[in-house]
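In what follows, every heavy atom counts, from backbone to side chain, and hydrogens, waters and symmetry copies are set aside. Remember, predicted model here, so these are calculated numbers, not experimental data. We count ligands from 1, going down the list as the structure has it; atoms in each ligand are counted the same way.
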Amino acid sequence: MVAFSTLSGISAVPLLLSLVQHAHGISLEVSTEGGNSSSSLLYGFMFEDINHSGDGGIYGQMLQNPGLQGTTPNLTAWAAVGDATIAIDGNNPLTSAIPSTIKLEVSENATGAVGLTNEGYWGIPVDGSEFQSSFWIKGDYSGNITIRLVGNYTGIEYGSTTFAHTSTADNFTKATAKFPTTKAPDGNVLYELTVDGSVAAGSSLNFGYLTLFGETYKSRENGLKPQIANVLADVKGSFLRFPGGNNIEGYSPENRWKWNETIGPLEDRPGRQGTWTYYNTDGLGLAEYFYWCEDLGLAPVLGVWDGFALDSSGGTPLTGDALTPYVDDVLNELEYILGDTSTTYGALRAAHGQKEPWKLTMVEIGNEDHLGGGCDSYPERFIKFYDAIHAAYPDLIIIASTSETDCLPDSMPEGSWVDYHDYNTADGLVDQFNYFDNLNRSVPYFIGEYSRWEIDWPNMQGSVAEAVFMIGFERNSDLVKMAAYAPLLQLVNSTQWVPDLIGFTQSPEMTFLSTSYYVQEMFSTNRGDTIKEVTSDTDFGPVYWVASSAGDAYYVKLANYGSNPQTLTVAISGTTTGKLTILADSDPEAYNSDTQTLVTPSESTVQASNGTFTFSLPAWAVAVLAAN
Ligand code: AHR
């Protein structure tokens, strides 16, 4: 019966025809001895602000265009309420970073409530938690201010507060109000801030950088929306790569993601025109990424700009001395993250509320430098960043943004890794099953982005194909250290890239989970530390497998990339019972979306007979047997 090994480096020789497997099923025998150690970081997340995944997504702040940021400010999402008008005011800046504020001009004869509304990011998710709103106000006013969350079409109120406030025409003062809410039935909710029209009649008031938060994940200030953070937490991922992706690159050096403009008080963050069509507030900034990692137990993988922007007409790639200021900038960023409080930027971090350095072990130099004209200069650019970072922080793992040898230095320096991306068809991902088997083991791999591409929603065939690809790299997880599906999140009302792992709307529950999400969850939450040899009477395809162990527990991951159900016998000596989780649909095009949830995993308890489990693997299925 011993014919095929699932440990890489041992050849596979077919013994039986696939006809026989259909008739008699597939037998697997998991060795309880030996094995290769598996990367403890294997499954994790890649994040950048795309599809409003940050602003309007996981970042807790809910008002769109909160500070009229940018050099061409506009009033997107804002409207006037009552007998008043609103306008952009460049003559009453809040700070140098927030040069524009909203001027509310109240009519001479105004009475009743006058003020402004914000429609959020295609709605506001009112989940029944305590909400908090803050804003800056300037102008002579002494009276009540009311904040309401109100049904857009219904007028039903889901939360409100009224408080007395006095402001003057001299300075902006900050007001913060907390109030309870009741859960709204959907996201059709407006934020409304009004003052007493009879008090303000004939005058004007300026409002700057307004915010609205519900309860945040782990109650973190300026934190994450729990609805989205919770489904990430359920995956039990190990790392977070941020802040891009293409979004770190920008279209010119000036348009790159600038760490130092994403830190400190919100009113000191100018924001930036993001790569993915919309303006980024940068309220979700460098510190917030580190708190995200801390709160979800993720190892940060920090991407840094490396002299290459997306549009070569923007004057990049930069090489030679032109790179030096950007290398220095990365060293400053690392000092902000890792330096103690005696350093300039470590002290700045402490002044921003984080005395202890954060934990950081991995830095990635750029993004996809094999594309768009980045390749030729990347060896020089990578080495320049590597040398400077390695000299200052010799323990950091430094990751090249490509695995293409033509774009890398002739020999990769000590402790460096490469990043491999694969957006592919379903068949293309399955073809990659063996890709890592025979690669040189000297330079570890990070699969920084992958997914079944060119469909609107992750579907069953694509998710099974991803599972086959994942089984391929889990078998090789001595070499493949980390891997992340991308993109991670998608606001369905404003999407720049499909498919995505987790979709959301502004309904109070927010998320809906794709078939690919369930594959990530099943694989990540069933991890061993040692990959075990599996022998079989059958070759790989259409069924693929990998087995691992941690102590007495065994995990067998399976994918059936085909339309015929398969009978499996899995022998693991000494085991008696198991939990079998199966995600399957006989329709390979079945998918979950904001309007339908067709496929979810099912769980059952299975018993072994003399250490052997027998069960059926449905068509187009991903399964995990957790046994002990
Ligand atoms: O995930 C979407 C984009 O795909 C990323 O920003 C980029 O790195 C890749 O090309």
Side-chain angles (χ1 to χ4, degrees), residues 43-55 57-58 232 237 239-252 255-257 272-280 282 284 289 301-312 314 316-317 362-375 378 381-382 399-404 407 417-425 428-429 432 445-458 462 466 469 482-492 494-504 514 516-517 520:
Y43 297 108
F45 307 114
M46 184 278 181
F47 179 87
E48 64 177 326
D49 209 326
I50 181 173
N51 306 321
H52 279 285
S53 52
D55 285 333
I58 194 167
L232 294 185
F239 65 88
L240 178 70
R241 174 181 171 221
F242 62 86
N246 290 150
N247 203 32
I248 198 174
E249 294 175 65
Y251 287 95
S252 66
N255 180 229
R256 73 193 189 280
W257 187 88
R272 149 181 183 268
Q273 176 57 50
T275 296
W276 296 105
T277 71
Y278 54 91
Y279 203 84
N280 296 175
D282 287 336
L284 179 63
Y289 286 121
V301 183
L302 175 73
V304 298
W305 196 76
D306 69 348
F308 178 49
L310 286 167
D311 182 356
S312 50
T316 64
M362 293 173 278
V363 176
E364 179 158 357
I365 311 301
N367 178 62
E368 293 187 337
D369 280 86
H370 54 287
L371 297 178
C375 180
Y378 192 61
R381 289 183 290 116
F382 176 73
I399 305 172
S401 76
T402 177
S403 62
E404 292 195 12
C407 312
W417 295 7
V418 293
D419 185 350
Y420 175 78
H421 293 182
D422 195 356
Y423 294 102
N424 215 324
T425 61
L429 284 174
Q432 295 285 301
Y445 269 66
F446 171 30
I447 307 176
E449 301 177 27
Y450 69 92
S451 59
R452 165 32 169 147
W453 201 20
E454 290 173 340
I455 44 175
D456 285 346
W457 308 99
E466 288 155 10
F469 182 54
M482 306 189 293
Y485 181 107
L488 182 63
L489 297 170
Q490 171 199 11
L491 173 62
V492 294
S494 178
T495 296
Q496 293 80 48
W497 184 292
V498 289
D500 302 279
L501 193 67
I502 299 164
F504 63 93
S514 69
S516 294
Y517 169 88
Q520 293 293 321

With no hydrogens and no angle check, just 3.5 Å: does a side-chain donor-acceptor pair link W276 and E48?
yes

Would you check if there is a donor-acceptor pair between the side chains of N280 and N247 at a distance under 3.5 Å?
yes

d(F45 CZ, L232 CG) to nearest 0.5 Å is 4.5 Å

Report the residues that fulfil salt bridge (Lys or Arg N to Asp or Glu O under 4.0 Å) with D369, sequence neighbours left out, ordered by chain and then residue number.
R381

Checking heavy atoms under 4.0 Å, the part of W453 that sits near ligand 1 is neither

Could you tell me whether N367 approaches ligand 1 through its side chain, its backbone, both or neither, with non-hydrogen atoms closer than 4.0 Å?
side chain

Of all the non-hydrogen atoms in the protein, which one sits nearest to [atom], and at what distance?
| atom | answer |
| --- | --- |
| atom 10 (O) of ligand 1 | E368 OE1, 2.7 Å |
| atom 1 (O) of ligand 1 | Y423 OH, 2.7 Å |
| atom 6 (O) of ligand 1 | E48 OE2, 2.4 Å |
| atom 9 (C) of ligand 1 | E449 OE1, 3.0 Å |

Quick one: which ligand 1 atoms are inside 4.0 Å of a heavy atom on G245?
6 (O), 8 (O)

Which of the atoms in ligand 1, numbered in the order shown and given with their element, are less than 4.0 Å from a heavy-atom of W276?
3 (C), 6 (O)

Ignoring hydrogens, just give me the one of W497, Y485, F47 whose non-hydrogen atom is nearest atom 3 (C) of ligand 1.
W497

Specify the closest pair of heavy atoms between R256 and R272, including all atoms of both residues, with the distance to one decimal.
O-NE, 3.1 Å

For ligand 1, is G244 a contact, meaning one of its heavy atoms is under 4.0 Å away?
no

What residues form a ring pair (Phe, Tyr, Trp, His ring centres under 6.0 Å) with F469, not counting sequence neighbours?
Y450, F473

Testing D419, I399, L240 one by one against V301 for a side-chain contact (heavy atoms from CB on, under 4.5 Å), which residue passes?
I399

